[in-house]
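Here's the structure we're looking at; comments come further down.
Bear in mind the structure is a predicted one, so any value in this text is a computation, not a measurement. Proteins get letters first, then strands, A, B, ... in listed order; numbering begins at 1 in each.
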Protein chains: 2
Amino acid sequence: MLDWEQLAEYHKALGDKTRLRILSLLRTEDLCVCELVELLKMTQPAVSQHMRKLKNAKLVKERRQGKWVFYSLDGSMFPFFQEFLKTLPDTSKEIEELKANGLKVVCD
Amino acid sequence: MLDWEQLAEYHKALGDKTRLRILSLLRTEDLCVCELVELLKMTQPAVSQHMRKLKNAKLVKERRQGKWVFYSLDGSMFPFFQEFLKTLPDTSKEIEELKANGLKVVCD
DNA sequence: ATAAAATATAAAGATATGCTTATATTATAA
DNA sequence: TTATAATATAAGCATATCTTTATATTTTAT
């Protein structure tokens, strides 16, 4: 079961606007770090460190695909996480725009 | 609707073990500050400051009763809050013990 | 084998957080 | 009205967090 530590870490991970935006974006589709850098207009190390926090809190999973690392939503440990995701502001247009600008990564 | 700011504030408020314990305790019954001081073994200002954070995040409500201020659960803005509360470790025995020690406040 | 691209890690600085001590409010009781 | 109890606020300090710059790692392409 969940203990105090895990529950606090979960909420700390979500206590940041940038990470909330990242999770909202991942609802639309899996994204790699360089795509998130474009979407968030942040430096690459900043994004990587946010992803580490989300990963440590078990909210995202990573998979290596060629030279890219793609992140996807997880959160299966937290029964309220799915409900929470639904309440996030919609960011799907930002991903449409990314594609329109030809910045979506194509693997092989 | 909820915006990024409110959602981040909500999660920041829950990103602390002490505040998680407080919310778990409030599931059993409303409590005043001096009772929480006893239960948490913390100084009164420390508790008051935690309650302010929870109040600002709209997770608790306060009501004055004589010289005491009682706090109760709220969180009605956040549809996932009720589900989350269910996952907190049980603390009801701590309140039983408080009563056994004669430290429950009686108003009037 | 080397170079380039994507990502991760580390160090450093600025801001935020949580606790303590001291002081101010507010409400009851004497 | 003065004293006391409960709570809140403020200042100060230690620790944590977030961002940046610099560097390391990993994978692919040449």
Side-chain angles (χ1 to χ4, degrees), chain A residues 4-5 7-23 26 30-57 59-72 98 102-108, chain B residues 4-5 8-23 25-26 30-57 59-72 98 102-108:
Chain A
W4 299 113
E5 191 63 45
L7 284 163
E9 193 186 3
Y10 167 89
H11 286 96
K12 272 183 209 170
L14 297 182
D16 178 276
K17 284 185 224 171
T18 298
R19 288 193 289 272
L20 293 178
R21 281 190 66 202
I22 291 171
L23 292 174
L26 290 177
D30 298 356
L31 295 166
C32 68
V33 177
C34 64
E35 290 170 333
L36 286 166
V37 166
E38 264 306 315
L39 288 159
L40 302 167
K41 309 293 182 204
M42 291 183 69
T43 64
Q44 175 268 315
V47 172
S48 277
Q49 291 176 59
H50 282 303
M51 298 321 290
R52 180 166 49 185
K53 284 223 164 190
L54 290 171
K55 194 177 60 174
N56 288 342
L59 296 179
V60 301
K61 281 183 171 162
E62 69 181 13
R63 73 168 188 283
R64 181 124 223 161
Q65 192 147 350
K67 54 187 166 181
W68 297 280
V69 174
F70 280 83
Y71 286 93
S72 56
L98 182 80
L103 294 172
K104 188 78 185 75
V105 163
V106 180
C107 306
D108 304 331
Chain B
W4 299 112
E5 191 64 45
E9 193 185 3
Y10 167 89
H11 287 96
K12 272 184 210 171
L14 297 182
D16 178 274
K17 284 185 224 172
T18 298
R19 288 192 291 273
L20 293 178
R21 281 190 67 201
I22 291 171
L23 293 174
L25 290 163
L26 291 177
D30 299 356
L31 296 165
C32 69
V33 177
C34 63
E35 291 169 334
L36 286 166
V37 167
E38 265 306 315
L39 289 159
L40 302 168
K41 309 294 183 203
M42 291 183 68
T43 64
Q44 175 269 314
V47 172
S48 277
Q49 286 168 39
H50 282 303
M51 298 321 290
R52 180 167 49 186
K53 284 223 165 189
L54 290 171
K55 194 176 61 173
N56 288 342
L59 295 179
V60 301
K61 281 183 172 162
E62 67 179 14
R63 72 169 188 282
R64 181 124 223 159
Q65 192 147 347
K67 53 186 166 182
W68 297 279
V69 175
F70 279 82
Y71 287 93
S72 56
L98 180 81
L103 294 172
K104 186 81 186 73
V105 163
V106 181
C107 306
D108 305 327

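For Lys53(B) and dG18(C), the shortest distance from a side-chain N or O to OP1 or OP2 is below 4.0 Å. Regarding contacts with the backbone of dA8(D), a side-chain N or O of Tyr71(B) is found under 4.0 angstrom from either OP1 or OP2. Phosphate contact (OP1/OP2 of dC19(C), side-chain N/O of His50(B), threshold under 4.0 Å): present. Distances shown here put a side-chain N or O of Arg52(A) below 4.0 Å from the OP1 or OP2 atom of dT9(C).
In this structure, CG of Asp30(B) is placed 17 Å from C1' of dT7(D), rounded to the nearest angstrom. The distance from atom CD of Glu62(A) to atom P of dT7(C) is 11 Å, rounded to the nearest whole Å. Remark: C1' of dT28(C) and NZ of Lys67(B) are 6 Å apart, rounded to the nearest angstrom. With rounding to whole Å, Phe70(B) atom CZ is found 11 Å from dA6(D) atom P. One interatomic measurement links the two molecules: CD1 of Ile22(B) to P of dC19(C), which rounds to 9 Å at whole-angstrom precision. Between Met51(B) atom CE and dA8(D) atom P the separation is 9 Å, expressed in whole Å. In this entry the distance linking NZ of Lys17(B) with C1' of dT17(C) reads 15 Å, nearest Å. Straight-line distance from the NZ atom of Lys12(B) to the P atom of dT17(D): 12 Å, rounded to whole Å.
Contacts of Val33(A) classified as side-chain contact (heavy atoms from CB on, under 4.5 Å), with partners at least two apart in sequence or in another chain: Val37(A), Gln44(A), Val47(A), Ser48(A), Tyr71(A). Among residues two or more places apart in sequence or in another chain, the side-chain hydrogen bond (donor to acceptor under 3.5 Å, both in side chains) test is passed with Lys17(A) by Glu5(B). Judged as a ring-ring contact (aromatic ring centres under 6.0 Å, His included), and not counting sequence neighbours, the contacts of His11(B) are His11(A), Phe84(A). Applying the side-chain contact (heavy atoms from CB on, under 4.5 Å) rule to Lys67(B) yields no partners; only residues at least two apart in sequence or on another chain are considered.
Map Val33(B) and Arg64(A) each onto its nearest nucleotide of DNA chain D; the residue landing nearer the 5' end is Val33(B).
Taking CG from Asp16(B) and CD1 from Ile22(B), the interatomic distance works out to 8.0 Å, rounded to the nearest 0.5 Å. Taken from CG in Leu23(A) to OG1 in Thr18(A), the straight-line distance is 11.0 Å, to the nearest 0.5 Å.
Listed by residue number, the members of residues 37-47 of chain B with any heavy atom below 4.0 angstrom from DNA chain C are Met42(B), Thr43(B), Pro45(B), Ala46(B).
The salt bridge (Lys or Arg N to Asp or Glu O under 4.0 Å) contacts involving residues 47-56 of chain B comprise Lys55(B)-Glu62(B), where partners must be two or more places apart or lie in separate chains.
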